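To keep things clear, I will list the structure first and then write my remarks on it.
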2 protein chains.
Amino acid sequence: MATKQRGRPRSFDRETALEQALRTFWEHGYEGTSVSDLTRVMGIGAPSLYAAFGDKRTLFDEVVVRYGVTHGAFGGRAFDEEPTARRGVARLLREAAAEFTDPDHPRGCLVITAATNCTTPEVEESLRERRNANVADIESRIAAAVATGELPADTDPAALARFTAAVFQGMSQQARDGATREDLEAVADLAMSAWPEGSVAENGD
Amino acid sequence: MATKQRGRPRSFDRETALEQALRTFWEHGYEGTSVSDLTRVMGIGAPSLYAAFGDKRTLFDEVVVRYGVTHGAFGGRAFDEEPTARRGVARLLREAAAEFTDPDHPRGCLVITAATNCTTPEVEESLRERRNANVADIESRIAAAVATGELPADTDPAALARFTAAVFQGMSQQARDGATREDLEAVADLAMSAWPEGSVAENGD
DNA sequence: CTCTTTCTCTAGTGGTCGCTACAGAAAGAA
DNA sequence: TTCTTTCTGTAGCGACCACTAGAGAAAGAG
């Protein structure tokens, strides 16, 4: 591995430029963001962008990965760190309410909004697969909770996961439409009241 | 009013062409649909389109109005024809499950999906206002139900309306991502179980 | 028939899209 | 210094965008 690079050094910070691209794609979506938009917010010329990130689609793919391990990582953390499926989902939705309305970055979820009406089918498909993978993750987490008896045996994991995902995606849309954090927290709480063994006392942090 | 028109008659049916434009906007969104896409599916040339419908934005506005009184009219009907707010919302969500997955037309809701990442701010704003007006409608319906004692006095109409809208919009997204009618009906039923005075027996049609 | 009106068709407008050829600039290597 | 490597800036590529000028076609009015 070459620690010393040979030619002319890059005149910009790659991570910073990538984050700027992420914000722009997040705000305006894949097709709503032009390469000249990107070069402007990244502060570089088009040839530098293509040399550092490949073409627009490759850059977007990298942006999506980055989003998944940064702004969008709270979902995975909620499930990893909470002891029960119920608490995991409750935290997922509560944190989504805060994240989707954080004034420090664009509203809603990039994976949900950035490729909705996309002329490039591969891009739309890639985000759709990511969303459906998230639904499947939630479902398997719920199914595991049913298996251990944490949730009632008559619980339908697929339906409950689909419901959770729908609320999550609806919250993203609501955030885009101007809902406040408090608005979305109320939505999250109402969603949790639809869960089985829905004792109000359990959500106690 | 001139029943007899003077010049060369139009070579296409305006309503049919409008419906074709509606389907295309519904499927691919405002910016994802080009004027040449429209002329192709409508079976007419560009000058005919501009003469009959104005520019692309004007045509889209007319499409949105048409959607509201045709495919998207079930929401208003649900509230007009059901005796209680709860039954109105339950019917809204059940019919949305069917409508959003109907194989006879594109999936999901045009008002929700057709201008998500839109470069033209007026178009995005116009649909956003329409969505927020729907939330306000649901809220006032719920507030009226609280006032008459139909719903408990401690019900938060704004929160319950926002929750309903989020589920509705999430169902549209889920339909786009491949959920079946049965999937969405399960989501609708779960959403209704979050409602106050949530007796399972009430939904009896 | 001719005249007027309205639509349709061909062909093209200027503008923006994603992307790149090419020459020069800035670094290490020799 | 000179050579090689890599990045940067200008300038422009063909393709598509929304949109339209202008000529001809199809109807009623006279």
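Computed from a predicted structure; not experimentally measured. The analysis underlying the following values was restricted to heavy atoms, covering all of them including side chains, and did not include hydrogens, waters or symmetry mates. Below, chains carry the letters A, B, ... as their sequence lines are ordered, and counting in each starts from 1.
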Legend entry - Check ion pair B:Arg162-B:Glu139 (N to O, under 4.0 angstrom): no
Legend entry - Rounded interatomic separation in angstrom, taking CG from B:Asp37 and P from D:dC19: 14 Å
Legend entry - salt_bridge(A:Asp102, A:Arg107) N-O dist < 4.0 Å: no
Inset, instruction - Verify ring-ring contact (aromatic ring centres under 6.0 Å, His included) between B:Phe60 and B:Tyr67, making sure each step is shown before the conclusion. - result: CA-CA 10 Å; B:Phe60 183 73; B:Tyr67 180 83; over 10 Å; no
Inset, instruction - For the side chain of B:Pro47, starting at C-beta, report the closest nucleotide among C:dC9, D:dT10, D:dA18. - result: C:dC9
Inset, instruction - Give a yes/no on whether any side-chain N or O of A:Ser11 is located under 4.0 angstrom from OP1 or OP2 of D:dC7. - result: no
Inset, instruction - Take atom CG of A:Leu49 and atom C1' of C:dG18, then tell me their distance rounded to the nearest Å. - result: 11 Å
Inset, instruction - May I have the distance from A:Glu31 (atom CD) to D:dC17 (atom C1'), rounded to whole angstrom? - result: 13 Å
Legend entry - Residues B:Arg66, B:Glu62: salt bridge by 4.0 Å N-O rule: no
Legend entry - Side-chain N or O of B:Ser34 closer than 4.0 Å to phosphate OP1/OP2 of D:dC16: no
Legend entry - Sidechain N-carboxylate O distance under 4.0 Å for A:Arg23, A:Glu19: yes
Legend entry - Separation of atom CZ in B:Phe53 from atom P in C:dT8, rounded to whole Å: 10 Å
Inset, instruction - Can you tell me the distance, in whole Å, between the NZ atom of B:Lys56 and the P atom of D:dC17? - result: 9 Å
Legend entry - C:dC19 phosphate, OP1 or OP2, under 4.0 Å from A:Tyr50 side-chain N/O: yes
Legend entry - Candidates C:dC19, D:dT8, D:dT20 - which lies nearest the side chain of B:Ala46: D:dT20
Inset, instruction - Mind calculating the distance between CG (B:Leu38) and P (D:dA18) to the nearest angstrom? - result: 8 Å
Inset, instruction - Would you mind classifying the nucleic acid contact of B:Thr33 as base, sugar-phosphate or nothing, using non-hydrogen atoms under 4.0 angstrom? - result: sugar-phosphate
Inset, instruction - Write down the distance between CG (B:Leu59) and P (D:dC17), rounded to a whole number of angstrom. - result: 16 Å
Inset, instruction - Let me know the distance between CZ of B:Phe60 and P of D:dA18, rounded to the nearest Å. - result: 13 Å
Inset, instruction - Produce a footprint string for nucleotides 25-30 of chain D: one letter per nucleotide, 5' end first; B if the base is under 4.0 Å from any protein heavy atom, S if only the sugar-phosphate is, - if neither. - result: BBBSS-
Legend entry - cation_pi(B:Lys56, B:Tyr30) dist<6.0 Å, angle<=45: yes
Inset, instruction - Classify the nucleic acid contact of A:Thr120 as base, sugar-phosphate or nothing, counting any heavy atom under 4.0 Å across all strands shown. - result: nothing
Legend entry - A:Arg77/A:Asp80 salt bridge by N-O under 4.0 Å criterion: no
Inset, instruction - Report yes if a side-chain nitrogen or oxygen of A:Ser48 is closer than 4.0 Å to either non-bridging phosphate oxygen (OP1 or OP2) of D:dT8; otherwise report no. - result: yes
Legend entry - From D:dT8, D:dC17, C:dC19, nucleotide with atom closest to A:Phe12 side chain: D:dT8
